[in-house]
Amino acid sequence: MAGIQVSRGTRDILPTEVSYWQFIEATAREILGRAGASEIRTPIFEQTELFLRGIGEATDVVGKEMYSFNDRGDRGLTLRPEGTAGVVRSFIENSLYAQGDVQRLWYVGPMFRYERPQAGRQRQFHQLGLEVLGSGDPRADVEAIAIATDILKAIGLKDLTFDLNSIGDKDDRTQFRAALIAYLTPYKADLDPDSQDRLTRNPLRILDSKNKETQKILHDAPSILDHLSDSSKARFDRVQQLLADLSIPCQINSKLVRGLDYYSHTVFEIQSADLGAQATVCAGGRYDGLVTELGGPETAAIGWAMGLERLVILLQKLGNLAMASTVDFYLVSRGTAAEGQALRLVQQLRQAGFKAELDLSGSAFGKQFKRADRSSAKACLILGDAEAEKGTVQLKWLASGEQAELVQAELASHFQGWRDRLDGVS
RNA sequence: GCGGGCGUCGCCAAGUGGUUAAGGCAGCGGCUUGUGGUGCCGCCAUCCGGGGGUUCAAGUCCCCUCGCUCGCCCCA
């Protein structure tokens with residue numbers, strides 16, 4: 001039990017679990033590809049400055065959750081806590097905006113946040129995200145959302161709730177902020193401590209407080225939706241209408257605000273009731289100001305990210321993924337000459353497209369057959385001293401027990417027949 | 001960063017201060033030294049996350065520490 005263990009908040013993804021990951025990633029890759037999105041891979045660490053400016057210095061993520069360090073050259077670096085900032089940095093640095101009107105970029109990979117680990121929340125976790133850069137059209141919002149819901153649907157998730165809101169533009173929020181402060185200030189003493197603190201620092205965040213008392217007070221609070229400018233409101237209406245056209249059901253939640261500073265207008269969150277406190281499975285929104293904030297040309301943009309660990313948890317709960325990987329042929333051999341020939345045959349089978357496993361134990365035939373069973377192989381190829389000498393091999397189909405002796409040199413002539421038989425069996 | 005629960009073999013799990021730490025699954029070996037799936041037999045924790053302490057005596061009580069877990073916070 002002593003010895004070195006994984007770091008707190010990190011974990012291994014073992015072979016029994018990794019098939020879920022591969023399934024999710026393959027499904028997403030397929031759907032994103034069909035939508036004309038291109039994968040982009042950016043570094044795991046970036047200059048700390050990028051996140052300070054991109055995410056916002058006042059946010060908790062930047063304030064107390066980043067893995068920041070100085071390297072040997074005394075550069076201030078940070079393990080990326082999210083994916084958008086790096087993609088936008090790359091978009092600007094590589095002048096991707098010059099390559100056409102809209103860039104649809106997606107990414108997948110590990111992110112790092114120093115948080116207290118919890119179910120569905122780790123210090124190293126994985127996100128898959130999409131960024132659509134270069135369009136402020138409401139259709140871009142809905143297209144991005146539709147891609148996300150397509151992915152979630154394709155991997156088989158049900159019973160998800162989709163919350164939608166608009167937090168308007170900067171001016172809308174300035175107005176609303178004043179109204180909210182004016183409303184809440186008389187109740188200040190009754191708010192939970194965190195919310196009291198936020199009243200001046202970041203009053204919008206009070207809206208999604210889980211504190212019951214605070215929520216009661218918020219019941220009659222002004223709504224952001226009543227403080228949208230005409231154009232912001234029209235934009236939001238259009239988004240809702242387009243979603244309805246696509247039959248994507250959503251509920252308007254005027255208290256939905258996002259934790260990162262760069263969002264504007266459309267924000268949304270997709271949650272599952274089966275995840276406990278960390279219920280959000282996918283979240284995102286529009287961030288029209290971020291590209292200029294990071295030194296690029298004015299570029300409208302919308303994006304989202306999914307938490308892969310959470311998707312895997314949900315998928316495992318459904319338990320509907322039959323991941324049994326069966327073996328076609330299991331090679332049983334004993335004796336120096338036979339073992340050498342078996343190694344050659346197993347390679348020949350693999351190169352012909354069969355899934356073949358070679359028993360390396362060198363133990364008694366009985367033991368090797370037991371292992372063949374456990375591997376759920378369909379057939380055994382058996383080589384002992386007698387076969388090695390004659391240049392033959394025994395083929396035994398495990399389900400029926402039928403066995404035949406074949407000439408090694410003629411093995412390839414049986415391949416097509418075996419393929420047909422294996423296809424029939426499975 | 002704050003609060004609650006938990007931590008016994010690879011996995012599940014008994015064990016409520018008293019001699020040698022149940023059991024099941026898995027694994028390994030044998031019956032069966034060239035033929036499997038069943039069956040039977042045997043082997044698999046000098047040790048109870050780690051470190052201190054209390055006691056004649058601790059896996060069982062106390063303290064510290066590490067980790068997991070649930071919630072807060074935060075967020076994907």
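To find a chain, count down the sequence lines: A is the first, B the second, and so on, and within it residues start at 1. On a predicted model such as this, the values are computed, not experimentally measured, just so you know.
Partners of A:Phe162 by ring pair (Phe, Tyr, Trp, His ring centres under 6.0 Å), not counting sequence neighbours, listed by chain and number: A:Phe268. Remark: A:Tyr67 engages A:Tyr114 in a ring pair (Phe, Tyr, Trp, His ring centres under 6.0 Å) (not counting sequence neighbours). Scored by the salt bridge (charged side-chain N to carboxylate O under 4.0 Å, His left out) test, A:Lys64 finds A:Asp60 as partners (sequence neighbours excluded). With sequence neighbours left out, the salt bridge (charged side-chain N to carboxylate O under 4.0 Å, His left out) criterion links A:Glu309 to no other residue.
Closest to the side chain of A:Arg205, out of B:C75, B:G1, B:A76, is B:C75.
Sorted by first and then second residue, the salt bridge (charged side-chain N to carboxylate O under 4.0 Å, His left out) pairs with a member in residues 280-289 of chain A read A:Asp141-A:Arg286, A:Arg286-A:Asp288; sequence neighbours excluded.
With both ends at atom C1', the span from B:G51 to B:G27 equals 32 Å, rounded to whole Å. The gap from the C1' atom of B:C9 to that of B:A13 amounts to 11 Å, rounded to the nearest Å. Rounded to whole Å, the separation between the C1' atoms of B:U69 and B:G49 comes to 15 Å. Rounded to whole Å, the C1' atom of B:C44 lies 14 Å from the corresponding atom of B:G23. Across the P atoms, B:C6 and B:C64 are found 16 Å apart, a figure rounded to whole Å. Remark: the separation of the C1' atoms in B:G59 and B:G34 is 49 Å, to the nearest Å. For the C1' atom pair drawn from B:U19 and B:C25, the interatomic distance equals 30 Å after rounding to whole Å. Rounded to the nearest Å, the gap between the P atom of B:C47 and that of B:U35 is 41 Å.
With rounding to whole Å, A:Gln215 atom CD is found 15 Å from B:C72 atom C1'. Distance, A:Met111 CE to B:A76 P: 11 Å, rounded to whole Å. What separates CG of A:Asp192 from C1' of B:C73 is a distance of 10 Å, to the nearest Å. Per the geometry, OH belonging to A:Tyr114 stands 10 Å off P belonging to B:C2, to the nearest Å. Atom CZ in A:Arg80 sits about 14 Å away from atom P in B:A76, given to the nearest Å. Computed from coordinates, the A:Phe112 CZ to B:C75 C1' distance equals 16 Å when rounded to whole Å. When rounded to the nearest whole Å, the span between CG of A:Asp60 and C1' of B:C2 equals 14 Å. In this structure, the CD atom of A:Glu65 is 13 Å from the P atom of B:C73, given to the nearest Å.
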>> With salt bridge (Lys or Arg N to Asp or Glu O under 4.0 Å) as the criterion, how do A:Arg41 and A:Glu39 come out once you've worked through the C-alpha distance, each side chain's angles and the decisive distance to 0.1 Å?
In response: CA-CA 7 Å; A:Arg41 304 189 184 189; A:Glu39 182 176 358; 3.0 Å; yes
> Could you go step by step and tell me if A:Leu422 and A:Phe354 meet the side chain to side chain contact (heavy atoms under 4.5 Å, CB included) rule?
Replying inline: CA-CA 10 Å; A:Leu422 287 165; A:Phe354 294 106; 3.7 Å; yes
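Across all strands, A:Val332 comes closer than 4.0 Å to no nucleic acid atom at all (heavy-atom distances). At the heavy-atom level, A:Glu82 lies nowhere under 4.0 Å from the strands shown.
B:G71 is paired with B:C2 under the criterion used here, namely a Watson-Crick or G-U wobble arrangement in which both key atom distances are under 3.5 Å. In this structure, B:G29 forms a base pair with B:C41, meeting either the Watson-Crick or the G-U wobble geometry with both donor-acceptor distances under 3.5 Å.
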Write out a two-atom table: protein N or O, nucleotide N or O from nucleotides 28-37 of chain B, distance below 3.5 Å.
| residue | atom | partner | partner atom | Å |
| --- | --- | --- | --- | --- |
| B:G34 | O6 | A:Asp385 | N | 3.2 |
| B:G34 | O6 | A:Ala386 | N | 2.9 |
| B:G34 | O6 | A:Glu387 | OE1 | 3.4 |
| B:G34 | N1 | A:Glu387 | OE1 | 2.8 |
| B:G34 | N1 | A:Glu387 | OE2 | 3.1 |
| B:G34 | N2 | A:Glu387 | OE2 | 2.8 |
| B:U35 | O2' | A:Lys396 | NZ | 3.3 |
| B:U35 | O2 | A:Lys396 | NZ | 2.9 |
| B:U35 | N3 | A:Gln403 | OE1 | 3.2 |
| B:U35 | N3 | A:Gln403 | NE2 | 3.3 |
| B:U35 | O4 | A:Gln403 | NE2 | 2.8 |
| B:G36 | O2' | A:Asp373 | OD2 | 2.3 |
| B:G36 | N7 | A:Lys396 | NZ | 3.2 |
| B:G36 | O6 | A:Leu398 | O | 3.3 |
| B:G36 | N1 | A:Leu398 | O | 2.5 |
| B:G36 | N2 | A:Asp373 | OD1 | 2.6 |
| B:G36 | N2 | A:Leu398 | O | 3.3 |
| B:G36 | N3 | A:Asp373 | OD1 | 3.1 |
| B:G36 | N3 | A:Asp373 | OD2 | 2.9 |
| B:G37 | O4' | A:Asp373 | OD2 | 3.0 |

Restricting both atoms to N or O, compile the protein contacts to nucleotides 67-70 of chain B shorter than 3.5 Å, with distance only.
| residue | atom | partner | partner atom | Å |
| --- | --- | --- | --- | --- |
| B:C68 | OP1 | A:Gly9 | N | 3.3 |
| B:C68 | OP2 | A:Arg8 | NH1 | 2.7 |
| B:C70 | OP2 | A:Ala119 | N | 2.5 |

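A donor-acceptor pair under 3.5 Å is formed between the side chain of A:Thr185 and the backbone N or O of A:Ile181.
Nearest-nucleotide assignment on RNA chain B puts the 5′-proximal partner with A:Leu275, out of A:Leu275 and A:Gly284.
Enclosure of atom CZ in A:Phe365 by more than 12 non-hydrogen atoms of other residues, nucleotides or ligands within 6.0 angstrom is indicated.
In this model, the phosphate group of B:G71 is not approached by any side-chain N or O of A:Lys210 to a distance below 4.0 Å at OP1 or OP2.
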Contacts table for residues 215-223 of chain A: side-chain donor-acceptor under 3.5 angstrom, sequence neighbours left out:
| residue | atom | partner | partner atom | Å |
| --- | --- | --- | --- | --- |
| A:Gln215 | NE2 | A:Leu207 | O | 3.0 |
| A:Gln215 | NE2 | A:Ser209 | O | 2.7 |
| A:Ser223 | OG | A:Leu225 | N | 3.0 |

Do any side-chain atoms of residues 337-344 of chain A form donor-acceptor pairs under 3.5 angstrom with protein atoms, and if so which ones, sequence neighbours left out?
| residue | atom | partner | partner atom | Å |
| --- | --- | --- | --- | --- |
| A:Gln341 | OE1 | A:Gln408 | NE2 | 2.5 |
| A:Gln341 | NE2 | A:Ala388 | O | 3.2 |
| A:Arg344 | NH2 | A:Gln408 | OE1 | 3.4 |

